Amino acid sequence: MASFAGGVPTAVIDEVLVSGRLDRLQGTPVSASQGVVSDEQLSLRPVLRSGELLEVVPGLIVTQHSGDGKANQFFLRGFNLDHGTDLATTVDGVPVNMPTHGHGQGYTDINFVIPELVQAIEYRKGTYYAETGNFSAAGAVNMRYRHEMDAPMLVLEGGEDNYMRGVAAAAPEVGGGTLLVGVEYAHIDGPWVLEEDFDKRNALLRYSRAGRDGRFSITAQAYEGDWRSTDQVPLRAVRSGEIDRFGFIDPTDGGSTHRYSLSADWSGSLGPGTASGQLYALDYDLELISNFSYFTDPDHGDQFEQLDDRRIYGGNWEWRRPFDWHDRGQELAVGVQIRHDDIDKVGLYRTIARERFATVREDAVKQTSYAVYSRVDTRWSDYLRTTAGLRADHFDFDVDANLAANSGSASDSLLSPKLAVVLGPWRKTEFFMNVGRGFHSNDARGTTIQVDPADGVTPAQRVDPLVKALGTDVGLRTAVVPNMQVSISLWRLNLESELLFIGDAGTTEASRESERRGIELAAIWNPVPWLIVDADLAWSRARFSDADPAGDRIPGAVENVASLGVAIDHPSGWFGGARFRHFGAAPLIEDNSVRSEPTTLVNVEAGYRFADRYKISAAVYNVFDSNDRDITYFYESQLAGESEPVSDIHFHPVEPRTVRVTLGVTF
């Protein structure tokens with residue numbers, strides 16, 4: 001199932017769409033914190049990295065703390081989501097998050113996505129949706145690929161720091177259906193003293209055929225990438241002049257990865273309702289070399305390798321049946337979701353210049369999840385509708401560790417009720433009240449552990465397999481101002497256990513109970529058909545809930561986010577966009593005595609279409625050449641020549657002002 005769409009049909013919001021452009025808030029949402037962004041809006045956003053496409057989600061920030069081949073860093077609703085924990089991400093319904101991953105729980109790498117082929121991005125924040133399960137406490141995002149194209153296209157890009165990229169795609173009619181073919185290649189060195197040498201290779205092949213009451217498609221994707229990394233660097237080394245702010249400590253950090261997938265989707269009538277289904281299979285591998293603390297082991301250094309090699313199999317099925325009750329349209333939906341991760345090897349090794357000399361931990365893991373859910377959309381009157389849902393999840397874990405004491409099996413189950421109440425519309429305004437339970441799973445290895453694998457002796461505490469989250473949301477969305485849509489949300493989220501990034505191990509571990517609350521504002525204005533202006537503001541307060549002398553602040557929890565964008569697509573042929581993006585300071589340790597600095601960036605792009613076939617554009621990223629930081633941590637490290645570890649800020653700088661030129665041709 002490639003879409004989040006659900007609810008009782010209505011035309012209230014559709015009536016205020018202007019030229020079909022205001023897609024962010026259209027449809028019949030069950031909360032003020034969900035929406036859809038179309039390809040038209042996506043194509044007019046200046047994007048430095050493919051992961052930044054997800055910043056169309058109001059309040060979501062996407063950064064990087066290592067090489068571009070590594071998964072991005074995500075921030076949303078007072079979470080430092082690391083590489084995706086608590087943000088469930090799918091592409092056409094196929095999950096991207098990796099549980100029990102070598103680098104971090106919920107690891108989300110979307111480098112395999114070809115931006116030009118994305119038709120829409122659907123998002124929903126909070127725990128109020130029966131269809132979304134693991135990792136969705138902060139929110140869920142689904143990227144939808146297109147099924148067809150108006151004409152074949154070729155895109156060529158070039159820029160500073162040896163940046164090169166090419167995309168070719170076509171969608172001819174074949175056998176009564178459409179065959180979408182797309183390939184992408186990119187090479188990126190970046191501004192780093194140590195050239196990144198990132199090679200990215202992508203391919204997509206999709207055959208789809210529409211029937212009288214549904215559609216069938218089969219999709220194959222392949223992604224390969226390899227790179228060198230400039231990870232976060234210690235502030236003291238930059239201030240002393242030992243390294244440049246774009247410099248490095250360990251020249252042998254880097255990685256390689258691949259992701260191959262095959263999926264099949266279908267939809268159509270089934271009895272008195274409609275059904276949709278999906279099957280998918282993935283082959284995935286990551287080898288990641290990192291060194292965050294440098295020389296706390298003076299003899300060998302602190303470099304380590306994280307390995308993840310797995311196959312994933314799964315499927316989704318949903319059936320919807322509309323029915324009348326008291327002469328009002330209602331809908332019942334039931335669904336089933338199954339996923340199995342067959343992890344041949346997930347490992348942590350000590351290395352010197354990428355060569356292994358010790359195994360810290362090596363495991364084979366089988367993890368299976370099953371979910372069933374039901375949702376009933378009821379329209380009680382012209383001004384009252386509800387969505388009541390119930391989700392049941394069950395997880396089985398089986399761990400075969402290289403240390404026998406840490407092998408074993410575990411399982412857990414969870415019921416998650418959901419309720420949404422929608423009042424209105426009055427004067428093109430609706431009010432939303434939501435409550436629901438969500439969750440994230442913990443690393444399977446933590447559910448069976450008994451001793452610390454580093455020494456094989458020290459007792460280790462097991463973690464709960466599933467961590468509950470309870471969310472509430474009160475909000476509104478309105479189209480009362482002509483050509484504008486606005487949504488406001490006040491939310492709260494309680495989480496039984498945080499997952500925190502551990503800098504010197506490059507992993508996440510279960511931590512303390514927490515509470516977050518905040519307010520979000522999103523607005524989109526379409527004053528004339530060729531101009532869109534959007535603005536997002538988000539403020540959050542994140543605290544640990546329990547008493548602890550260390551303090552109650554959650555490291556990395558960004559407190560405020562703001563963005564402002566302009567997109568222009570003028571009939572004369574001129575097009576472009578500009579974006580202002582700001583994310584505020586965050587505590588770096590629990591007592592709030594060390595904080596990160598805010599980051600503000602401006603990106604612009606301008607171009608021209610001519611002869612109905614060609615377009616050329618130029619983009620400038622970080623227009624004002626800001627010296628801000630993409631990510632900041634605080635932990636101990638030891639440089640060569642230092643006699644003991646030093647607690648210090650470690651940061652990854654934003655890229656300096658960068659210019660790129662794009663030429664596009666359709667045939």
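Along the sequence shown, residues carry numbers from 1. This is a predicted model, so every value here is computed, not measured.
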For the pair [X] (side chain) and [Y] (backbone), establish whether a donor and an acceptor sit closer than 3.5 Å, ignoring hydrogens and angles.
{"X": "Glu40", "Y": "Ser43", "answer": "no"}
{"X": "Asp534", "Y": "Ile524", "answer": "no"}
{"X": "Gln105", "Y": "Thr100", "answer": "yes"}
{"X": "Thr387", "Y": "Val30", "answer": "no"}
{"X": "Gln41", "Y": "Val37", "answer": "no"}
{"X": "Arg581", "Y": "Ser563", "answer": "no"}
{"X": "Lys125", "Y": "Pro58", "answer": "yes"}
{"X": "Thr127", "Y": "Leu470", "answer": "no"}
{"X": "Thr63", "Y": "Ile61", "answer": "no"}
{"X": "Asn111", "Y": "Ala71", "answer": "no"}

Is a side-chain donor-acceptor pair under 3.5 Å present for [Y] with [X]?
{"X": "Thr386", "Y": "Trp380", "value": "yes"}
{"X": "Glu122", "Y": "Asn142", "value": "yes"}
{"X": "His258", "Y": "Asp283", "value": "yes"}
{"X": "Asp341", "Y": "Gln367", "value": "no"}
{"X": "Ser31", "Y": "Asn434", "value": "no"}
{"X": "Ser514", "Y": "Glu498", "value": "yes"}
{"X": "Thr478", "Y": "Glu430", "value": "no"}
{"X": "His340", "Y": "Asp342", "value": "no"}
{"X": "Ser33", "Y": "Ser489", "value": "yes"}
{"X": "Arg391", "Y": "Gln337", "value": "yes"}
{"X": "Gln278", "Y": "Asp265", "value": "yes"}
{"X": "Thr632", "Y": "Ser596", "value": "no"}
{"X": "Gln73", "Y": "Asn80", "value": "yes"}

Check [Y] with [X], please: is the shortest side-chain N to carboxylate O separation under 4.0 Å?
{"X": "Arg49", "Y": "Asp68", "result": "yes"}
{"X": "Glu559", "Y": "Arg553", "result": "yes"}
{"X": "Lys345", "Y": "Asp363", "result": "no"}
{"X": "Arg124", "Y": "Glu131", "result": "yes"}

- Message: Tell me every residue that passes side chain to side chain donor-acceptor pair (under 3.5 Å) with Ser409, counting only those two or more places apart in sequence or in another chain.
- Response: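 If we apply the side chain to side chain donor-acceptor pair (under 3.5 Å) test to Ser409, skipping adjacent residues, the hits are Asp398.
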- Message: Here's one to test your reading of the geometry: is the NZ or CZ of Arg259 within 45 degrees of the ring axis of Tyr284 and under 6.0 Å from its centre?
- Response: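 Relative to the ring axis of Tyr284, which defines the angle, Arg259 lies outside at least one limit.
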- Query: Does Arg477 make a cation-pi contact with Phe432, if we ask for NZ or CZ under 6.0 Å from the ring centre and within 45° of the axis?
  - Reply: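 No - Arg477 does not lie over the ring of Phe432 by the 6.0 Å and 45° rule.
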- Residue pairs, two or more places apart or on separate chains, that pass salt bridge (Lys or Arg N to Asp or Glu O under 4.0 Å) and touch residues 462-474: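 Only Arg77-Asp473 qualify under salt bridge (Lys or Arg N to Asp or Glu O under 4.0 Å).
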- Check salt bridge (charged side-chain N to carboxylate O under 4.0 Å, His left out) between Glu515 and all other residues, then give those that pass, not counting sequence neighbours.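 With neighbours one apart ignored, the set is Arg492, Arg517.
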List for me each residue that meets ring pair (Phe, Tyr, Trp, His ring centres under 6.0 Å) alongside [X], sequence neighbours excluded, and say none if there are none.
{"X": "His582", "value": "none"}
{"X": "Phe74", "value": "none"}
{"X": "Tyr128", "value": "none"}

Determine whether [X] and [Y] make a side-chain contact, defined as any pair of heavy atoms from C-beta on separated by less than 4.5 Å.
{"X": "Val334", "Y": "Glu318", "answer": "no"}
{"X": "Asn316", "Y": "Tyr280", "answer": "yes"}
{"X": "Gln221", "Y": "Ser261", "answer": "yes"}
{"X": "Asp309", "Y": "Val346", "answer": "no"}
{"X": "Ser50", "Y": "Val113", "answer": "no"}
{"X": "Asn97", "Y": "Asn134", "answer": "no"}
{"X": "Glu590", "Y": "Arg512", "answer": "yes"}
{"X": "Phe112", "Y": "Val91", "answer": "yes"}

- Evaluation steps, ring-ring contact (aromatic ring centres under 6.0 Å, His included), between His652 and Tyr633: CA-CA 9 Å; His652 192 72; Tyr633 302 102; 9.9 Å; no
- Query: For the side chain to side chain donor-acceptor pair (under 3.5 Å) test, which of Arg144, Gln119, Arg206 pairs with Asp92?
  - Reply: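 It is Arg206; the other options fail the test.
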- Do you know which of Thr447, Thr368, Thr448 makes side chain to side chain contact (heavy atoms under 4.5 Å, CB included) with Phe397?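 For Phe397, the side chain to side chain contact (heavy atoms under 4.5 Å, CB included) test succeeds with only one of Thr447, Thr368, Thr448, which is Thr447.
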- Task: Could you give me the CA-CA distance, side-chain angles and deciding distance for Asp285 and Leu307, then say whether side chain to side chain contact (heavy atoms under 4.5 Å, CB included) is met?
- Result: CA-CA 8 Å; Asp285 179 86; Leu307 175 68; 4.2 Å; yes
- Task: May I ask you to decide if the ring planes of His83 and His103 are parallel, tilted or perpendicular, using 30° and 60° as cut-offs?
- Result: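 Geometry flag for His103 against His83: tilted rings.
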